[in-house]
Amino acid sequence: MPKFENENLLVGFDTSDDACVYKIREDLVAIQTVDFFPPVVDDPYMYGQIAAANALSDIFAMGAEPSLALNIVCFPDCLPLSILREILAGGYDKVREAGAVIGGGHSIHDDVPKYGLCVSAFSHPDEIWKNTGVKPGDIVVLTKALGSGIVNTAAKADLLTSEEYEPTVKTMAALNKYARDAGKKLGVSACTDITGFGLLGHLSEMVEASDVTVELDSGKLPLLPRAVELAEEGIIPQNAYTNRDHFEKKVAMPEALPLALQDIMYDPQTSGGMLMALPEEKADAFLEEVLPHCPDAAVVGRVLPKQEREIRVL
């Protein structure tokens, strides 16, 4: 896809970043993103919460504060409108928690329900984060546990009890606002959120753009309950294999590393955590700030000068 040339488009689709950034004037930019998807849980209210948290995450990954959201809705005629009301209520409450407002939206008829948001934010251009700028000597922090794609696949197949599924639902519905707040307070080198490309895919985008290598400690990765067990049983979403095919040439993976753990690192996440690079001396202070809100947050890697592969897994 060709780059759209416009001096006011500071961040566009050519950088694989989380949202676009458009300069309104020298001291003000607009940040905008859009995301929606079909249900990942049976509860319509929680579905609305998760879809909204996922869309809002792109704004938080840019270091910004969401201001205005518009609903995007696809809904079939065969379902009662009470379900739609619950979906919209979940989205409304999550947007309100983020400190933004919903100003309307658009709906169409579709055979499969789909919900999400178009989100806008405004900021000073110097305060925007990007997924570039990772520096040797930085450490890498992940703020949510991995494995939601695998666990969601198991839930769709009725392989989990509601109690077993609850931690994953809670994680997906959690806002990345609090990780953004900690990063704003202490300063980060670069940031992105983990969604469809999985941990290794989104990390690859960060390090490729920054011309560095990241040493990733697989033993420190936070994992959702039962994610490893389910992966060992072969409960893997198709997109995890797609991610592996696309990104594995950029990853130095130990042959002895269990296949289940490798699959989790390629697993596509729904409303995943933030992946943040920051100076090593800030690591303890960052964790102290973020752990009360993101209890699974952990330092998972360190940044090295550029080597043959972009990612080295230990």
Side-chain angles (χ1 to χ4, degrees), residues 10-21 29 31 57-65 123-144 146 176-195 197-222 247 249-253 265 269 272-291 294 296-314:
L10 305 184
V11 178
F13 49 70
D14 53 308
T15 59
S16 299
D17 226 311
D18 294 291
C20 74
V21 179
V29 295
I31 307 100
S57 183
D58 286 340
I59 297 295
F60 294 132
M62 303 297 290
E65 184 85 23
S123 178
H124 191 284
D126 295 341
E127 296 179 357
I128 293 300
W129 294 345
K130 299 180 182 179
N131 65 354
T132 62
V134 183
K135 305 177 183 65
D138 283 348
I139 54 94
V140 178
V141 177
L142 178 62
T143 64
K144 285 188 183 183
L146 298 169
N176 282 324
K177 165 183 169 62
Y178 307 102
R180 190 283 316 271
D181 291 347
K184 277 294 188 181
K185 183 174 182 178
L186 293 165
V188 301
S189 303
C191 181
T192 192
D193 63 340
I194 308 300
T195 51
F197 291 153
L199 170 65
L200 291 178
H202 289 285
L203 180 58
S204 175
E205 291 179 339
M206 286 182 74
V207 298
E208 181 176 12
S210 303
D211 201 31
V212 295
T213 289
V214 166
E215 189 176 75
L216 189 66
D217 190 339
S218 61
K220 294 183 178 179
L221 296 176
F247 294 108
K249 62 182 177 295
K250 302 179 181 182
V251 181
M253 187 79 72
M265 287 188 278
Q269 303 300 282
M274 302 268 258
L275 195 61
M276 312 174 85
L278 61 152
E280 185 174 9
E281 63 270 17
K282 297 182 179 181
D284 290 342
F286 179 86
L287 289 177
E288 183 177 350
E289 286 283 335
V290 80
L291 281 171
C294 308
D296 294 316
V299 175
V300 298
R302 64 191 184 102
V303 184
L304 308 173
K306 179 70 173 180
Q307 299 180 11
E308 182 180 357
R309 299 287 182 98
E310 294 168 359
I311 302 170
R312 287 176 48 197
V313 179
L314 302 179

Can you find a heavy atom in the side chain of [X] that is under 4.5 Å from one in the side chain of [Y]?
X      : Y      : answer
Met62  : Arg180 : no
Lys135 : Val212 : no
Glu280 : Arg302 : no
Leu216 : Val140 : no
Val214 : Val303 : yes

Exercise. Does the side-chain contact (heavy atoms from CB on, under 4.5 Å) test come out yes or no for His202 and Asn131, once each step is laid out?
Worked result: CA-CA 9 Å; His202 289 285; Asn131 65 354; over 6 Å; no
Atom [atom1] in [X], atom [atom2] in [Y]: separation rounded to 0.5 Å?
X      : Y      : atom1 : atom2 : answer
Asp296 : Leu142 : CG    : CG    : 9.0 Å
Lys250 : Leu200 : NZ    : CG    : 11.5 Å
Asp211 : Glu310 : CG    : CD    : 9.0 Å
Cys191 : Ile128 : SG    : CD1   : 11.5 Å
Ile311 : Met265 : CD1   : CE    : 9.5 Å
Ile59  : Ile31  : CD1   : CD1   : 6.0 Å

Exercise. Passes side-chain contact (heavy atoms from CB on, under 4.5 Å), Leu304 versus Arg312? Steps please.
Worked result: CA-CA 10 Å; Leu304 308 173; Arg312 287 176 48 197; 3.7 Å; yes
[X] to [Y] - nearest heavy-atom pair and separation:
X      : Y      : result
Gly272 : Asn176 : O-ND2, 3.0 Å
Arg309 : Lys249 : CD-O, 3.4 Å
Lys282 : Leu278 : CB-CD1, 3.7 Å
Val188 : Gly183 : CG1-CA, 3.8 Å
Gly133 : Asp138 : O-OD2, 4.4 Å
Phe286 : Val141 : CE2-CG1, 3.6 Å

Is atom [atom1] of [X] surrounded by more than 12 heavy atoms (other residues, nucleotides or ligands) closer than 6.0 Å?
X      : atom1 : value
Glu308 : CD    : no
Phe197 : CZ    : no
Asp126 : CG    : yes

Exercise. Can you list the steps and then say if Lys306 with Thr213 is a side-chain contact (heavy atoms from CB on, under 4.5 Å)?
Worked result: CA-CA 5 Å; Lys306 179 70 173 180; Thr213 289; 4.3 Å; yes
For this session: Go through the steps to decide whether Lys144 and Met274 satisfy the test side-chain contact (heavy atoms from CB on, under 4.5 Å), and finish with yes or no.
Result: CA-CA 7 Å; Lys144 285 188 183 183; Met274 302 268 258; over 6 Å; no
Exercise. Is it true that a side-chain atom of Lys220 and a backbone atom of Gly301 form a donor plus acceptor pair closer than 3.5 Å?
Worked result: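 No.
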For this session: Output yes when Lys185 and Asp181 qualify as a salt bridge under the 4.0 Å nitrogen-oxygen rule, no when they do not.
Result: no
